[in-house]
Amino acid sequence: MKVLVTGVNGQLGHDVMGELKKRGHEAVGVDIEEMDITDAECVKRVMTQTALDAVIHCSAYTAVDRAEEEVELCRRVNAEGTRNVAEVCAGLDCKLLYLSTDYIFSGEGERPWEPGDEPDPLNVYGLTKFEGEQEIKSRLNKYFIVRISWVFGVNGNNFIKTMLRLGRENGAVRVVDDQIGSPTYTYDLAVLLVDMIQTEKYGEYHASNEGICSWYEFAKEIFAAAGMNEVEVTPVSSEEFPAKAKRPKNSRMSKEELVKNGFNKLPSWQDAVKRYVPLAKQILNN
């Protein structure tokens, strides 16, 4: 297969490229320098240069708090940029796999969100990612929408790297304990996405590493895996840790749609943390 990967400099795009190449697929990686997704003509020119079988669309505006002030820029990337990609996919009759987010939901209750549940985003980022979903659904039949949460990977910044850095610098951290969800290791996710893009099992899916935790429990596991048990981790409420963008308190997501369609669930989040933390420490030490 010939697959175009957008956002190749990000955490997920980097690992998706690696997984595609590992399996012998022809992978073409682009980021804003090669293809600015907000420029419709540029998108059309780059995507029609070669005969593509599929696009894995990892590119996104992900600065959740800054998005509350940069509403138009966030929408231009997440909604309009996705529309540009979807329109060319429609013209080429190629598959599109779009990465969305748990943030499209309200975060109410304690039941895991099902793919068909009614979206009700709490912040601009979540709203624009949902708008991106709608742009795809209105233009394509050959699409996968995969909602993910609490992402970490080798490339770029993430919660684990931040915790390791703060723990080393301050010896103590304060972490929210009333937001519940599942971390997602991009290395594990990339395996699933490449499995998926090789099929025609189109539709909406949720994907993250198995198991749930609070951000506080996530932090405790990170320091345990890093052998930094001396770091003091204090649980705090969302109200004590104010942010510009409101976060959902319930980010539990049902993965049953994956199972129903024959895809493998990801390993446990604790297993992912154990594998990832040594790599993160190595990166931070360089």
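Numbers for residues simply follow the sequence, beginning at 1. The shown structure was predicted, so the numbers you read here are calculated from the model rather than taken from an experiment.
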Next on the checklist: Quick one, S149 with M253, criterion side chain to side chain contact (heavy atoms under 4.5 Å, CB included). Give me CA distance, side-chain angles, the key distance, then yes/no.
Outcome noted: CA-CA 9 Å; S149 57; M253 294 195 293; 3.8 Å; yes

Could you check if a side-chain atom of [X] sits within less than 4.5 angstrom of a side-chain atom of [Y], using non-hydrogen atoms only?
X: N141; Y: Y202; result: no
X: R111; Y: R252; result: no
X: V8; Y: C58; result: no
X: N78; Y: E131; result: no
X: D188; Y: R275; result: yes
X: V151; Y: N158; result: no
X: L284; Y: K281; result: no
X: I160; Y: M163; result: no

Charged N-O contact under 4.0 Å between [X] and [Y]:
X: D65; Y: R247; value: yes
X: E19; Y: R23; value: yes
X: E256; Y: K260; value: no
X: E239; Y: K249; value: yes
X: K44; Y: E41; value: no
X: E257; Y: R147; value: no

Checklist entry - Does M196 share a hydrophobic cluster with V5, counting links as ILVMFWY side-chain heavy atoms below 4.5 Å and allowing steps through other members? => result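 M196 clusters together with V5.
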
Between [X] (side chain only) and [Y] (backbone N and O only), is there a donor and an acceptor less than 3.5 Å apart?
X: W113; Y: S106; value: no
X: E34; Y: D31; value: yes
X: K161; Y: V154; value: yes
X: D117; Y: E114; value: yes
X: E87; Y: N84; value: no
X: T6; Y: S59; value: yes
X: S214; Y: Q179; value: no

Item to check | Any side-chain donor near an acceptor of the partner, T186 and H14, under 3.5 Å | outcome: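 H14 and T186 do not have a side-chain donor-acceptor pair below 3.5 Å.
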
For residues 166-174, please give each side-chain donor-acceptor pair under 3.5 Å, one per line with the distance, not counting sequence neighbours.
from : atom 1 : to   : atom 2 : distance (Å)
R168 : NH1    : N285 : OD1    : 2.8

Item to check | Approximate separation, where rounding is to 0.5 Å, of H25 NE2 and I197 CD1 | outcome: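 Rounded to the nearest 0.5 Å, the NE2-CD1 separation comes to 9.5 Å.
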
Next on the checklist: Taking transitive links into account, so neighbours of neighbours count too, which hydrophobic residues share a cluster with V88 at under 4.5 Å side-chain distance?
Outcome noted: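 So far as hydrophobic clustering goes, V88 is joined with L4, V28, V30, M35, I37, V43, V46, M47, L52, V55, Y61, L73, V77, V85, L92, L96, Y98, I136, L140, Y143, I145.
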
Checklist entry - Which of these, F152, W269, W150, W215, sits in a ring pair (Phe, Tyr, Trp, His ring centres under 6.0 Å) with F159? => result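 Checked F152, W269, W150, W215 against F159; only one passes ring pair (Phe, Tyr, Trp, His ring centres under 6.0 Å): W215.
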
Next on the checklist: Ring of Y103, cation from K129 - is the NZ or CZ under 6.0 Å from the centre and inside 45° of the axis?
Outcome noted: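 Verdict for Y103: no cation-pi partner in K129.
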
